[in-house]
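Have a look at the structure below before the remarks.
The structure presented is a predicted model; accordingly, all values stated were derived computationally and were not measured. Sequence lines set the chain letters: A, B, ... in the order given, protein chains first and strands last, and positions in each chain run from 1.
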There are 2 protein chains.
Amino acid sequence: MNGDTDGSARDGAANGAARGPADGGPGLRERKRRRTHAAISDAAIALFLEHGFQQVPVARVAEAAEVSKRTLFAYFPTKEDLVLHRIADHETEIARTVRARPPGTAPLAAVRAHFLRGLGERDAITGLSDHPQVRRLYRMILDTPSLVAGMERFKASAERALAEALRETADTPETTARFAAAQIVAVHWALAQDNAERLAYGETADARYAGAVTDAEHAFALLANGLGDLPRGG
Amino acid sequence: MNGDTDGSARDGAANGAARGPADGGPGLRERKRRRTHAAISDAAIALFLEHGFQQVPVARVAEAAEVSKRTLFAYFPTKEDLVLHRIADHETEIARTVRARPPGTAPLAAVRAHFLRGLGERDAITGLSDHPQVRRLYRMILDTPSLVAGMERFKASAERALAEALRETADTPETTARFAAAQIVAVHWALAQDNAERLAYGETADARYAGAVTDAEHAFALLANGLGDLPRGG
DNA sequence: GGATATTTCTGCACCGGGTGTATGTTTGCA
DNA sequence: TGCAAACATACACCCGGTGCAGAAATATCC
């Protein structure tokens, strides 16, 4: 949960790997950068979890991290990113799953298997992690419109990445790739959100697990077999 | 395009239909409200189209509409709503289509037919309207992140509405309804966005029409028959 | 071990969106 | 005609975010 694999927003020289002085490993500058980045992020999360996202002005976060407001915004482009940068790594996860699937596997089957395995491992991306930190994070995000909006950006970006993966590895026409990606991401997201919502308010991961699996299998079956036989009604 | 069927944001008494004095039609108060609402909206659109959304501060819109900034925000909760309120009516359109479908029709078939008809009529909701105003509006929205984000909110709300319609009229279990709704809305949206994007930059509606129909049929076929037979690759 | 170029941090002033409040001004209604 | 409710306004304010100029730190060269 402290997956600060960020390497973020510096605009200076295009330094491929930011090595240190005379190339003897990460230099002092870089180490300080990382510490500052982490300090700001940690202060932010702690304050937000305690008082609520909207209630804490960025100025107070900067103060807690012993950094100027100006510096804070040099590390994180927006207030929302103080929270969401921790999730950013996962935005291409579905696409990567499709790319890494064993030969002869259908893309959808790969995503399905990955999701089900994630449920078993209580991977945060499935919405089924009930580590207290993660749970409070789910809740905070779900309760904060601007954070939800931020998540939607990830969704869009996951969609693009998946479409590209489908085009390249499944030799799918562009339109097919786009529509399929839209469907898959939408459903994946709905599943995770549903789980997260339930865990955010009390339900335990173990208690939810069976239902989560059922729902996931159901949803992926719909994706695979189509909506053609929905009841007609009337 | 001036579809101000808004009836918007007043917080006072819960007046069902806001009739006028002694019920002789809309009173002076209500008429003034509507005029002010329209004046603000029109001034906003005009200024935004001319100078760009980000470039025009709300204060200038208020000034142009001869209204105080405070009043502007009494009519429109956010700057984005100055643009998006014109589209808000359509957020339940898919759900309404499903509800109004002839007995014995599959929900998906109804949505499909509705969309194809929309294409033929160059309905703005399909992204295939090339009235110059609409075209510039598409472009402005697509070029403005905060407006795109605002559209995502509509998408979410369209999804909820559709899920409910499916549950109620197709007697679908809640989970099925949610997943199906997510898929349908995602694809519907992708289709419209694709059209709008092309028209925003030059392509004419007539030139795009055939392709739009092909894409739509293809996408709805995917929805109906499932993603099970995507190429496996490898 | 400096002297220097470069990056980073900081304070400060500023912009723009949005809100609370107190005080008019209009309108509805009796 | 007079009163209550709704509405508009000005003003001061908060907060997120940016531009800028200068100070502090770090890397580099000698």
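By the side-chain contact (heavy atoms from CB on, under 4.5 Å) test, A:I125 is found to be paired with A:H90, A:E93, A:D123, residues two or more places apart in sequence or in another chain being considered. In this structure B:F48 satisfies the ring pair (Phe, Tyr, Trp, His ring centres under 6.0 Å) test together with B:F53, sequence neighbours excluded.
Remark: P of D:dA8 and CD of B:E63 are 18 Å apart, rounded to the nearest angstrom. One atom, CG of B:L82, and another, C1' of C:dG16, lie 14 Å apart when rounded to the nearest Å. Across the protein-nucleic acid pair, B:R33 atom CZ and D:dC7 atom C1' stand 8 Å apart, rounded to whole Å. A straight line from CZ of B:R29 to C1' of C:dT26 spans 6 Å, rounded to a whole angstrom. Here the C1' atom of nucleotide D:dC7 and the NE2 atom of B:H37 are 16 Å apart, to the nearest Å. Note: CZ (B:R35) to P (C:dT26) measures 14 Å, nearest angstrom. Taking atom CG of residue B:D81 and atom C1' of nucleotide C:dG18, one finds them 13 Å apart after rounding to whole Å. Rounded to whole angstrom, the span from the CD atom of A:E66 across to the P atom of C:dT10 amounts to 10 Å.
Residue A:T71 places none of its side-chain N or O atoms closer than 4.0 Å to OP1 or OP2 of C:dC9. For A:K32, a side-chain nitrogen or oxygen approaches OP1 or OP2 of D:dT26 to under 4.0 Å. Using a 4.0 Å cut-off, no side-chain N or O of A:Y75 falls inside it from OP1 or OP2 of C:dT8.
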Margin query: Would B:S41 and B:R86 count as a side-chain hydrogen bond (donor to acceptor under 3.5 Å, both in side chains) here? Give the steps.
Written below: CA-CA 9 Å; B:S41 173; B:R86 306 202 171 200; 2.9 Å; yes
Margin query: I'd like to compare against my own output: the B/S/- annotation of nucleotides 11-21 of chain D with a strict under-4.0 Å heavy-atom distance to protein.
Written below: ----SBBBBB-
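With hydrogens and angles ignored, the 3.5 Å screen pairs a side-chain donor or acceptor of B:N195 with a backbone N or O of B:T126.
The six-membered or imidazole ring of A:H85 lies near that of A:H37, with a centre-to-centre distance under 6.0 Å.
The aromatic rings of A:F115 and A:F220 sit tilted, their planes meeting at an angle between 30° and 60°.
Using a 4.0 Å cut-off between charged nitrogen and carboxylate oxygen, B:E91 and B:R153 do not count as a salt-bridge pair.
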